[in-house]
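This report concerns only the one structure given below.
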Amino acid sequence: MVKIFNKYIFFKLSLVLSLLTAVCCQKAPINGHLDGRWQIMEIEHQEKVENVADSQFYYNFYLHVCNLSYYGGVLSEANFIYKDNLIYLDFPYVETPEGLYNLTKYGIYSNPVEFEVMYLDKKKLIMRNDESLITLRKF
């Protein structure tokens, strides 16, 4: 009887510890709906609208890093801060004019860059600055 009781207690303790471990180790999104992969649908620059949905360019926001990627690879990484509906991006590895030119495919024309979040929900993001208005969808 004592062995059965000990096995029962051991089983319950093991179950509680596994549940606590599973819950404690989860990384929750710290940026709310912004965290995740966003596909660029449209970039408006100097009153010219570019539909770039077929190009498959992506912003990937996770924790404090933003990766600019395309289908099959990553273009560049940025440190970012999301606070008060503003996104600050700094690309420490973009040091050449060619590197900055590659960022223009993503609606970025300077480094560092700041965007105001105009609209954000689970499926759509619209952000703008003085140079561009970018519409994205959650991917």
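These numbers come from a predicted model, not from an experiment. Atoms considered below: every heavy atom in the structure, side chains included; atoms not considered: hydrogens, waters and symmetry mates.
- With rounding to the nearest 0.5 Å, the separation of OG1 in T96 from CG in N102 is 7.5 Å.
- When all heavy atoms of L120 and L34 are compared, the closest pair comes out as CD2-N, 4.0 Å.
- By the 4.5 Å heavy-atom criterion applied to side chains, H33 and L125 are not counted as neighbours.
- In this structure, NE2 in H45 is found 7.0 Å from CD in E131, a value given to the nearest 0.5 Å.
- With values rounded to the nearest 0.5 angstrom, I134 atom CD1 is found 4.0 Å from F115 atom CZ.
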Hey, can you pull the donor-acceptor pairs under 3.5 Å for the side chains in residues 71-87, sequence neighbours left out?
none

Would you check, one step at a time, whether the test side chain to side chain contact (heavy atoms under 4.5 Å, CB included) holds for E114 with N129? CA-CA 7 Å; E114 177 181 324; N129 63 11; 5.9 Å; no
Identify each donor-acceptor pair in which a side-chain atom of residues 58-68 lies under 3.5 Å from a protein atom, sequence neighbours left out, and give them as a table.
from, atom 1, to, atom 2, distance (Å)
Y59, OH, Y106, O, 2.6
N60, ND2, N67, O, 3.2
N60, ND2, S69, OG, 2.8

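- Rounding to the nearest 0.5 Å gives a distance of 8.0 Å between OG1 of T104 and CD1 of I43.
- Taken from CG in L100 to CD in E95, the straight-line distance is 12.0 Å, to the nearest 0.5 Å.
- Closest heavy-atom contact between D35 and K138: O-NZ, 2.9 Å.
- Side-chain contact between I126 and L136: absent, with no pair of heavy atoms (C-beta onward) separated by less than 4.5 Å.
- By the 6.0 Å contact criterion, CZ on R128 is open, its count of non-hydrogen atoms from other residues, nucleotides or ligands being 12 or less.
- V94 and Y88 end up in different hydrophobic clusters when Ile, Leu, Val, Met, Phe, Trp and Tyr side chains are linked at under 4.5 Å.
- Between G107 and S132 the shortest heavy-atom distance is O-OG, 2.8 Å.
- In this structure the side chain of Q39 never reaches within 4.5 angstrom of the side chain of F57, judged on heavy atoms.
- The shortest non-hydrogen separation linking D121 to W38 is O-CH2, 3.5 Å.
- Looking only at side-chain heavy atoms (C-beta outward), S55 and K105 stay at 4.5 Å or farther from each other.
- Using a 4.5 Å heavy-atom threshold, the side chains of L133 and E42 count as separate.
- The shortest heavy-atom contact between E44 and V49 is CG-CG2, 3.9 Å.
- A single hydrophobic cluster is not seen to contain both V113 and M118; linkage of ILVMFWY side chains at heavy-atom distances under 4.5 Å, directly or through other members, places them apart.
- Shortest non-hydrogen contact noted between L89 and N111 is O-OD1, 4.3 Å.
- In this structure, M41 is not a member of the same hydrophobic cluster as V52, with clusters built from ILVMFWY side-chain heavy atoms closer than 4.5 Å.
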